[in-house]
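Reading through the structure tokens given below for one structure.
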Amino acid sequence: MQKSILIKAFSNPLALAGFIIIIIMFLLAILAPWLAPYDPDAFDVKAILLTPSWQHWMGTDGLGRDVLSRMLYGGRISLLVGLVAVGISTAIGIILGALAGYYRGWVDTVIMRLVDIMLSIPSFFLILAVIAFLTPSIVNIMVVIGLTSWMGVTRLVRAEFLSLSNREFVLASRSLGAKDARLIFTHLLPNSLTPIIVSSVLGVAGAVLLESGLSFLGLGVQAPQASWGNILTDGKEYIQFAWWLSLYPGMAILLTVLGYNLLGEGLRDALDPRSQSS
Amino acid sequence: MTALLISSCLALSACRQQPDPIDYSKAHPGESGSTLISAMAAEPSSLIFMIAGESASAEIASNLFNSLLTYNAQLDIKGELANSWEVSNQQKTITFKLKPNLKWADGKPLTSADVLFTWQLVTDENTRSPYASDFQLVTKAEAPDALTFIVTYNQAYAPALDSWSSLHILPKHLLEGQDIRTANFARNPIGSHYYKLSQWKHGENIKLSRNPYSVLGQANIEQLITRIIPDNSAQFLELMADNIDSMGLDPIKYSRIIPTRPSLQKNLNLYKALGNSYTYLGFNLKHKPFNDIRVRKAINYAIDKQEIIDGVFLGLGINIASPYKPGTRWSNPALKPASFNPSKAKALLKEAGFVDANGDGTLERDGKPFAFEIITNQNKEREKSAVIIQRRLKEIGIDVKIRAIEWASFISRFINTGEFDVVILGWGLGLDPDQYSIWHSSQQSPGQFNFLGYNNATVDKLLEQGRTELNPDKRQAIYHAFAEQLLADSPIVYLSAGYGLTAIHKRVQGIANPTPPAGVGYDSQKWFIPKSYRRNQISAH
């Protein structure tokens, strides 16, 4: 079954393109230490703001650091933040959604009101407010993004659980004496995976954008560590002059987000029989 | 309708392109009128400078208020509101004689009663002015008649005249009986200088127009608009689009961007002046291990200042060893900055007990790794300096983190509470060499300037002597000795004395050339914009 889903997903050329983009981005990030021509933090005060050339394919920044090397290492941060943040938000979402959908009653009411409260606060400002009290660092960014973006998954899981728990196989299992844990982990959860996977893949795109936004505002990854967002901030200073500092990180963010979105949409089309478009 | 729209757009774009380039080199007689638009990054919190104490406030308020004294182009004291002044009683008494017929912008007379009132205000505990200490030394102030103001000090006070040149005189008839910290006056001031406030749109701009009662005559330029544009690159875009006439530049814009753009060079004059300011790395001397002089010296040796000057300031900086503008008499030429010497730095750290026992590349003492955070405000040059320093310190085994914080919380959460290890900041200094408020051990309470916690009895004594010594040569010797002691103690690492870099549109004429010691902005009331160069005239072509 899994195999056929992948084949189905990748028969959609856009989803395949998204998948390839993501794979390339990951390869570049993982292989950064071997691919990067320079130390990403090594500055050279005699080579400030050089235009792209054979020595520096993507030019140099305001401290003479090689932009290509910083882009490669920055990719590691951006992709890692995306994955870990979504991992955290998905885990929280699954647990709370499962509790609400399975036990219903007051548990459901409490969790869903919590979701409503969280959703009523604009998430970017919530994150900004939380970060203002913490020291900005990669770990904090990942945790904060994760802790503030689990509401969608919770709602999805709850809805799946609500609809699944009245299905015959669940009722049958329950009447045979299966315990709550067995019902949740062997019946309900595996059958709810499809929307979770899709929303997680799409969620990574959002998390990558959020991290870039925070780093751009100086609240994310801190110097000297590179991330696409803070390379973009440096670029803003010299946007009329050093286009390469804005163009390349901008492109990288665009491609990554596009890749995740294409992949997510493709997976949804392949996995969800109701949204078969062709 | 569509046709109309299109044609109006065409007309607009034609106006913007300005087909005939204007030749700004023609000489013009001084012509009165027009508007000068400048940009500033931070909005003043108040236009009463004795309370605000920030450069944004000074920039606007110095066009609105007069002081008793001021400086001429060569930085010698001259009278502003005062016609003359006389020092007597073994240098303890100063008698100021005001110019006759002075008026406030609302037409009311300005007399010595206003000066006396201002002195009472600045020394009042409730005012909580950071400049109060200068004026609290006055034991007696009196205004025997409308044109005479007499102050008496306990003992001779050398920076006295300088302090009176920076105190803006405020109107008694508008402020008497009010709480200065909450008075509406801070937002709606009435002064006596060339301009008066005509509009203040929060977060947008501050408009000043000529004050008809100006006590020093009339300025040429009719209106000064200061636009508040926090982002330097946004300011620069406005400068390129010719929406502002002047702005401060960073070194990259000054020496890299503008010289490569003929269109900018054609329209802009650039000014460079060594400022009376420097950037430094300062240690919190109350925190371990920075209370250990060997650690401070080691860090000083580990930082290559020339690299920072070249890399961050693009050569537009000077490596200094005393806290005074290089080339002035107060700067001690015998002092040399610590050289870049990592091995010496390592030896000093070893002496202080820091060794890399576990071989992870970071030094430890008592099992704790040597790690600290450098904090700075969101200033690109300072952030870049921090990155360079971070790298150099890593090479000798110190793990440094960098944090750039927005100015208001930087001051309230870190500087005023003393909760920081190391800062990168700058000092902009006055013309008098007195640095009592920065380095004297008594100036350490929150809000005061000795937030590093520097405490040296010799320096305290020198600073006290310097304030009471009126002989310039003896004063020079005192401040040379002070700078020497400061360098030996290394409470700060001098990073660079910087240049003030300014771009002003060529339509603005009458700017003193070459730039006098008093700076580009000196005598700006003589600046003018010839009629044919004015904005609305150009767009009407």
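Residue numbering restarts at 1 for every chain, and letters A, B, ... go by the order of the sequence lines.
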Inset, instruction - Using non-hydrogen atoms and a 4.5 Å limit, figure out which bit of B:Leu237 sits close to chain A: side chain, backbone, both or neither. - result: both
Legend entry - Smallest separation among heavy atoms of A:Phe241 and B:Thr260, with atom names: CE1-OG1, 3.9 Å
Legend entry - Check ion pair A:Lys46-B:Asp310 (N to O, under 4.0 angstrom): no
Legend entry - Side chain / backbone / both / neither for B:Glu307 at chain A, heavy atoms under 4.5 Å: both
Legend entry - Nearest-0.5 Å distance, CD of residue A:Gln225 to CD1 of residue B:Ile402: 11.5 Å
Inset, instruction - Check each atom of A:Ala47 against the heavy atoms of chain B and say whether the ones under 4.5 Å are side chain, backbone, both or neither. - result: neither
Inset, instruction - Please indicate whether B:Lys288 has more than 12 foreign heavy atoms, meaning atoms of other residues, nucleotides or ligands, lying under 6.0 Å from its NZ. - result: no
Legend entry - Salt bridge B:Arg391-A:Asp39, side-chain N to carboxylate O under 4.0 Å: yes
Inset, instruction - Name the region of B:Glu383, side chain, backbone, both or neither, that has any atom closer than 4.5 Å to a heavy atom of chain A. - result: neither
Inset, instruction - For B:Lys506, look at atom NZ and say whether over 12 heavy atoms of other residues, nucleotides or ligands are found less than 6.0 Å away. - result: yes
Legend entry - B:Arg256 and A:Tyr238, any side-chain heavy atoms less than 4.5 Å apart: no
Legend entry - Where B:Lys380 and A:Asp234 come nearest, the two heavy atoms and their spacing: NZ-OD1, 3.8 Å
Legend entry - Heavy-atom contact with chain A under 4.5 Å, split by part of B:Ile252: side chain
Inset, instruction - Heavy atoms only, distances under 4.5 angstrom: which of B:Asp231, B:Asn232, B:Ile388 has the most pairs with chain A? Name it, please. - result: B:Ile388
Inset, instruction - Select all residues of residues 53-81 of chain A having any heavy atom within less than 4.5 Å of some heavy atom of chain B, and report them by number, or 'none'. - result: A:Gly62, A:Leu63, A:Arg65
Inset, instruction - Scan for salt bridge (Lys or Arg N to Asp or Glu O under 4.0 Å) pairs involving residues 111-120 of chain A, sequence neighbours excluded, and state none if there are none. - result: A:Arg113-A:Asp116, A:Asp116-A:Arg155
Legend entry - Residue part contacting chain A, namely of B:Ile308, when any heavy atom lies under 4.5 Å: neither
Legend entry - Electrostatic pair A:Asp41-B:Lys394, nearest N-O below 4.0 angstrom: no
